[in-house]
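The structure appears right after this line, and notes come after that.
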Amino acid sequence: MLMVRAIRLLVVLALAAFAGIAASAHAETTDGIHRLAIQISDADMAKMNAVLDIAANVSRYYNERGDEVEIEVVAFGGGVHMLRSDTSPVKERLIHFMQSMVNVTFQACGNTLDTMERHEGKRPPLFEGIGTVQTGVARLIELDEQGWTIVRP
């Protein structure tokens, strides 16, 4: 009987802890700002265009409702080519996009850039305004932990 009570107490404590975590995660996202992170990890023009389409559609949707939205595109692996000024297959669209969509930011993975530099003998050039993070996947984990919605087209 004592064992059953102990198990019940542990279950109640675990549920209470889970409810506390869920409540704190919800509290972090109740500032009225919608947050979306979009992953691009493929050197595929169709997927790069899909990323830009998603960002534009989500931005337009919330702006039309009068809501604020923050969108961050995180590129790693082959997806970094999207942000390279010398190899981007969506170069013209990206330049225009970055000028018109001020609520969308772009981050390139530093680890991927380091690998590209080792293979190519020089640091790959990025478009002006592109940020870098040390590890693209870790950035996505951090954004998820902060309550951002993560999408991979």
Side-chain angles (χ1 to χ4, degrees), residues 14-153:
L15 289 173
F18 177 76
I21 291 168
S24 68
H26 178 70
E28 292 173 5
T29 60
T30 59
D31 60 0
I33 301 173
H34 305 279
R35 292 179 175 89
L36 172 64
I38 307 172
Q39 169 187 330
I40 181 69
S41 56
D42 300 308
D44 179 274
M45 184 177 179
K47 287 190 179 182
M48 293 174 187
N49 275 310
V51 165
L52 296 174
D53 289 342
I54 291 166
N57 291 337
V58 169
S59 182
R60 188 176 312 111
Y61 174 81
Y62 283 114
N63 286 334
E64 287 173 359
R65 291 179 46 174
D67 290 353
E68 190 174 345
V69 62
E70 293 177 13
I71 301 170
E72 184 170 318
V73 175
V74 180
F76 61 92
V80 168
H81 285 283
M82 177 182 180
L83 308 180
R84 287 181 58 161
S85 59
D86 62 342
T87 62
S88 178
V90 293
K91 181 177 186 171
E92 296 303 319
R93 184 173 183 205
L94 184 63
I95 290 169
H96 179 263
F97 194 93
M98 290 174 57
Q99 293 169 346
S100 62
M101 295 287 190
V102 296
N103 62 328
V104 180
T105 58
F106 295 85
Q107 301 289 340
C109 174
N111 289 334
T112 300
L113 292 170
D114 291 345
T115 300
M116 290 176 166
E117 182 175 6
R118 279 193 303 278
H119 286 87
E120 298 172 22
K122 63 181 171 99
R123 192 79 168 171
L126 301 176
F127 291 104
E128 186 176 329
I130 302 296
T132 59
V133 294
Q134 184 57 47
T135 307
V137 174
R139 177 65 179 160
L140 290 167
I141 291 169
E142 292 165 358
L143 292 173
D144 180 62
E145 291 170 349
Q146 295 169 20
W148 288 59
T149 300
I150 312 294
V151 172
R152 179 177 187 249

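Note that these values count all heavy atoms, side chains included, but never hydrogens, waters or copies made by symmetry.
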Heavy-atom closest contact ([X] atom, [Y] atom, distance):
X    : Y    : value
F106 : L83  : CD2-CD2, 3.7 Å
T112 : G77  : OG1-N, 3.0 Å
L113 : A108 : CD1-CB, 4.1 Å
A55  : F97  : CB-CZ, 3.6 Å

Separation of [Y] [atom2] from [X] [atom1] (nearest 0.5 Å):
X    : Y   : atom1 : atom2 : value
E64  : S59 : CD    : OG    : 9.5 Å
H81  : M48 : NE2   : CE    : 7.5 Å
F127 : K91 : CZ    : NZ    : 5.5 Å

Acceptor/donor pairs from residues 129-140 side chains to any protein atom, 3.5 angstrom cut, sequence neighbours excluded:
from: Q134; atom 1: NE2; to: N111; atom 2: OD1; distance (Å): 2.7
from: T135; atom 1: OG1; to: N111; atom 2: ND2; distance (Å): 3.0
from: R139; atom 1: NE; to: E72; atom 2: OE2; distance (Å): 2.8
from: R139; atom 1: NH2; to: E72; atom 2: OE1; distance (Å): 2.9
from: R139; atom 1: NH2; to: E72; atom 2: OE2; distance (Å): 3.4

Mind checking whether R152 and D42 have side chains closer than 4.5 Å, heavy atoms only?
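Touching, per the 4.5 Å side-chain cut-off.
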
Kindly indicate, with the supporting measurements, whether the criterion side-chain contact (heavy atoms from CB on, under 4.5 Å) is fulfilled by L36 and I54.
CA-CA 10 Å; L36 172 64; I54 291 166; 4.2 Å; yes

Pairs in or reaching into residues 120-131: which pass side chain to side chain donor-acceptor pair (under 3.5 Å), with residues at least two apart or in two chains?
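Those involving residues 120-131 are R84-E120, D114-R123, E117-R123.
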
Any donor and acceptor pair, going by atom type alone, linking the side chain of H96 with main-chain N or O of E92 inside 3.5 Å?
no

Among residues at least two apart in sequence or on other chains, which ones pass side chain to side chain donor-acceptor pair (under 3.5 Å) with S88?
none

Donor-acceptor pair between R60 and N57 side chains, under 3.5 angstrom:
yes

